[in-house]
Amino acid sequence: MNGVTPDPSDPIRNGDALSRLKLAQALDRAIYAIAWERAWPNLARLLTVVGLFLVVSWAGLWLALPFVARAIGLVVFAGIAIAVLFPLIRFRWPSREEALSRLDRGSGIRHRPATTLTDTLSSQDPVAQALWQAQRERTLASLKRIRAGLPHPRLALHDPWALRALVMVMLVATFFAAGDERAMRLGAAFDWNGVLAPANVRVDAWVTPPLYTGKPPVILSAANKEAAALPAAGPLAVPAGSTLIVRSSGGSLDVVVSGGLKEVAPAEAAPKGTNEKHFTITADGTAHVRAPSGQPQWAFAATPDRAPTIALAKDPERQARGGLQLSYKIEDDYGVTGGDAHIALRPADARDGSKDGSKDSDGKAAARPLFQPPQFPLVLPNARTRNGVGQTVKDLSEDPYAGADVTLTLTAKDEAGNEARSEPFNMRLPERLFTNSLARALIEQRRILALDANRNSDVYTALDALMIAPELFTPDAGCYLGLRSLASQLEAARTDDALRNVVASMWAFATTIEDDGVAGSVNAALRSAQDALKAALDRGASEDELRVLTQKLREAMAGKVRDLARRAEQNPLGARQPFPAEVQLILDKAVELRQKTQHATPEQLAELAQQQDVLREQLQAYRKSANNRANKAGDDRTNQFTRDRKCGS
């Protein structure tokens with residue numbers, strides 16, 4: 001026998017070919033096991049250092065350190081890693097003999113069975129060959145017991161305190177604690193943007209509140225000692241929606257934000273040679289300029305914009321000509337920019353308006369208004385009212401909803417889009433007062449048709465009833481023909497637009513009857529002159545234009561006074577008995593107003609117009625009371641006059 005190791009790749013010609021293959025595989029496993037036992041302790045030290053580096057990174061230590069400290073820390077970890085890798089220089093790959101020795105020890109059989117199988121016989125003696133063959137057969141029979149065994153690097157000898165286990169626990173904890181910022185925190189260790197920055201780098205930071213707040217910007221630069229002391233004094237209170245602007249002149253700019261701060265694109269390009277970043281502050285949060293280094297961390301407390309409040313200062317009032325006057329109180333932290341009055345038909349009024357013309361409760365059709373409820377803007381005391389009482393006068397006398405039971409709601413809105421609503425107020429919209437019975441009937445039917453188009457048949461029936469016995473109730477041919485025209489127009493209406501035209505015709509006919517045709521044009525001329533002068537005063541027109549408009553208003557007011565006097569002379573009792581004392585006072589007041597209009601200022605003219613409206617209502621009230629007294633007394637002559645009046649009384 002000799003110690004020459006046969007080449008396992010040689011062709012195996014005897015019956016132990018499979019055994020030799022298994023031996024070769026076990027030999028390879030033994031080599032790898034020995035190599036692992038030699039290399040793993042050093043690799044474990046390296047992985048422990050890498051794990052500790054990840055723990056430090058994911059814990060956020062690099063974010064809190066300046067750039068110089070980051071560089072030093074990274075160099076320290078690199079040095080430790082090189083130190084633990086240094087023993088690997090002496091690493092030797094296991095030899096075949098060392099692998100065979102491991103197999104001999106792992107088999108538990110004496111006389112080195114694995115080594116024996118690799119020996120060869122050089123003698124040609126038959127007896128020796130027989131003994132050699134018997135010994136090989138016995139060794140091959142025990143080949144199943146040959147094992148390379150598992151590696152045993154014996155880490156306990158190299159790490160008796162089990163620090164590797166502590167690093168593993170901290171690694172798992174910081175992995176979940178870092179969350180989505182794992183990559184960012186790890187990259188912070190290699191961020192050295194401030195180490196070699198030039199000495200003249202300047203960083204400016206400020207917070208710009210929204211324009212509507214009227215607050216000045218807050219400077220946050222490091223040169224501002226008050227801003228630098230903010231972290232110790234507490235978060236800086238800023239209005240929600242403010243913009244944080246950070247600008248760096250020279251070098252790169254790195255800003256880390258958290259909480260309610262979100263980066264947005266700048267509205268305009270930054271000045272040349274600077275870097276600039278913008279952040280919107282919507283909630284509490286922090287901002288830290290990491291590059292260039294040396295900047296403090298700022299904390300912000302966002303103050304939300306409160307919604308405005310609006311409420312009626314007093315109940316709505318009716319004006320002389322049927323206008324609606326609203327007085328309301330407005331409050332807001334930064335100022336109200338707009339307000340509106342919303343009017344909605346009360347459900348009870350809607351049910352009352354449709355109960356006669358609708359179907360029963362099993363198949364009742366909902367009311368179908370032809371017009372939307374009125375809505376108009378409110379006049380604010382100031383452009384941005386923070387606390388004040390406003391007043392708005394709106395003429396709704398011609399609106400189809402005039403005289404209906406409605407719910408009034410006021411709304412106010414600020415610059416941030418917050419909206420407030422007042423408590424609903426139930427009321428009846430003011431309407432124009434009609435003294436003529438036929439005009440009042442037409443206005444009532446107009447409102448019914450406008451609020452529910454489904455009741456057009458009821459309105460047609462009412463118009464047809466008004467034309468019964470025209471020789472007694474409507475002896476004037478013009479009034480009868482007007483009613484007949486309205487009825488025909490309503491009968492031919494098939495669309496909502498056509499019905500709206502009927503509503504407009506009914507209003508025009510009723511006002512013509514009430515004003516006897518002449519007063520309507522007089523009132524329209526006066527109102528047009530008043531509106532033109534008011535608009536000119538609001539826009540600051542020239543003196544020449546104001547002089548012309550004032551003259552037109554004087555002429556319109558003079559025509560109004562003449563019409564009042566004419567209507568007073570046409571009083572039913574005027575030709576039969578003297579005017580009472582109160583009527584004479586009214587006429588004297590009309591003459592006085594006419595004289596005052598000759599040399600009045602625009603403001604005085606507006607006041608005189610209101611006085612003339614009051615005078616007109618007093619005349620109408622007197623005529624109504626006089627007719628009532630005459631009817632109660634049963635005066636035949638007065639009854640005869642009533643029958644002869646145009647279009648009712």
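Checked against side-chain hydrogen bond (donor to acceptor under 3.5 Å, both in side chains), Asp333 has no partners two or more places apart in sequence or in another chain. Considering only residues two or more places apart in sequence or on other chains, Asn501 meets the side-chain hydrogen bond (donor to acceptor under 3.5 Å, both in side chains) condition with none of them.
With hydrogens and angles disregarded, no donor-acceptor distance shorter than 3.5 Å links the side chain of Arg318 to the backbone of Leu324. One N or O on the side chain of Glu514 and one on the backbone of Thr435 form a donor-acceptor pair closer than 3.5 Å. Judged purely by atom type and a 3.5 angstrom limit, Thr385 has no side-chain atom pairing as donor or acceptor with the backbone of Val336. Judged by distance alone, with hydrogens and angles left aside, the side-chain atoms of Ser488 form no donor-acceptor pair with the main-chain N or O of Ser485 at under 3.5 Å. In this structure, Tyr401 contributes its side chain and Phe371 its backbone to a donor-acceptor pair below 3.5 Å. With hydrogens and angles ignored, the 3.5 Å screen pairs a side-chain donor or acceptor of Asp332 with a backbone N or O of Tyr334. Listed for the Gln325 side chain is no donor-acceptor partner under 3.5 Å among the backbone atoms of Gln391. With hydrogens and angles ignored, the 3.5 Å screen pairs a side-chain donor or acceptor of Arg500 with a backbone N or O of Leu370. No donor-acceptor pair under 3.5 Å is formed between the side chain of Asn418 and the backbone N or O of Pro308. In this structure, Asp284 contributes its side chain and Ala302 its backbone to a donor-acceptor pair below 3.5 Å.
At least one side-chain heavy atom of Leu396 sits less than 4.5 Å from a side-chain heavy atom of Ile343. By the 4.5 Å heavy-atom criterion applied to side chains, Ile443 and Arg446 are counted as neighbours. Inter-residue side-chain proximity for Leu490 and Leu449 is flagged as met; some heavy-atom pair is nearer than 4.5 Å. Counting heavy atoms from C-beta on, the side chains of Val406 and Leu408 never come closer than 4.5 Å. In this structure, the side chains of Ile281 and Phe279 stay at 4.5 Å or more apart for every pair of heavy atoms. At least one side-chain heavy atom of Phe425 sits under 4.5 Å from a side-chain heavy atom of Pro316. Proximity of Pro209 to Val238: side-chain heavy atoms (C-beta onward) are nowhere separated by under 4.5 Å. Using a 4.5 Å heavy-atom cutoff, the side chains of Asp496 and Arg368 are in contact.
Side-chain contact of Thr337 with Asp414: a donor-acceptor pair under 3.5 Å is absent, judged by distance alone. Donor-acceptor pairing under 3.5 Å is recorded for the side chains of Asp395 and Ser397.
One distance of note links SG of Cys479 with CG of Leu442; it measures 9.5 Å at 0.5 Å rounding. Taking OG1 of Thr550 as the start and CD of Glu543 as the end, the distance is 11.0 Å to the nearest 0.5 Å. The line from CG of Leu486 to CE of Met467 is 9.0 Å long, rounded to the nearest 0.5 Å. Atom OG1 of Thr392 is separated from atom OH of Tyr328 by 2.5 Å, given to the nearest 0.5 angstrom.
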Criterion side chain to side chain contact (heavy atoms under 4.5 Å, CB included) on Thr511 and Arg432, from CA distance to verdict: CA-CA 10 Å; Thr511 54; Arg432 176 177 173 178; 3.4 Å; yes
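Looking at Arg421, His342, Glu419 one by one, the single match for side chain to side chain donor-acceptor pair (under 3.5 Å) with Thr411 turns out to be His342.
Residue Arg306 qualifies as open at atom CZ: its count of foreign heavy atoms under 6.0 Å is 12 or below. Within a 6.0 Å radius of NZ in Lys329, other residues, nucleotides and ligands contribute more than 12 heavy atoms.
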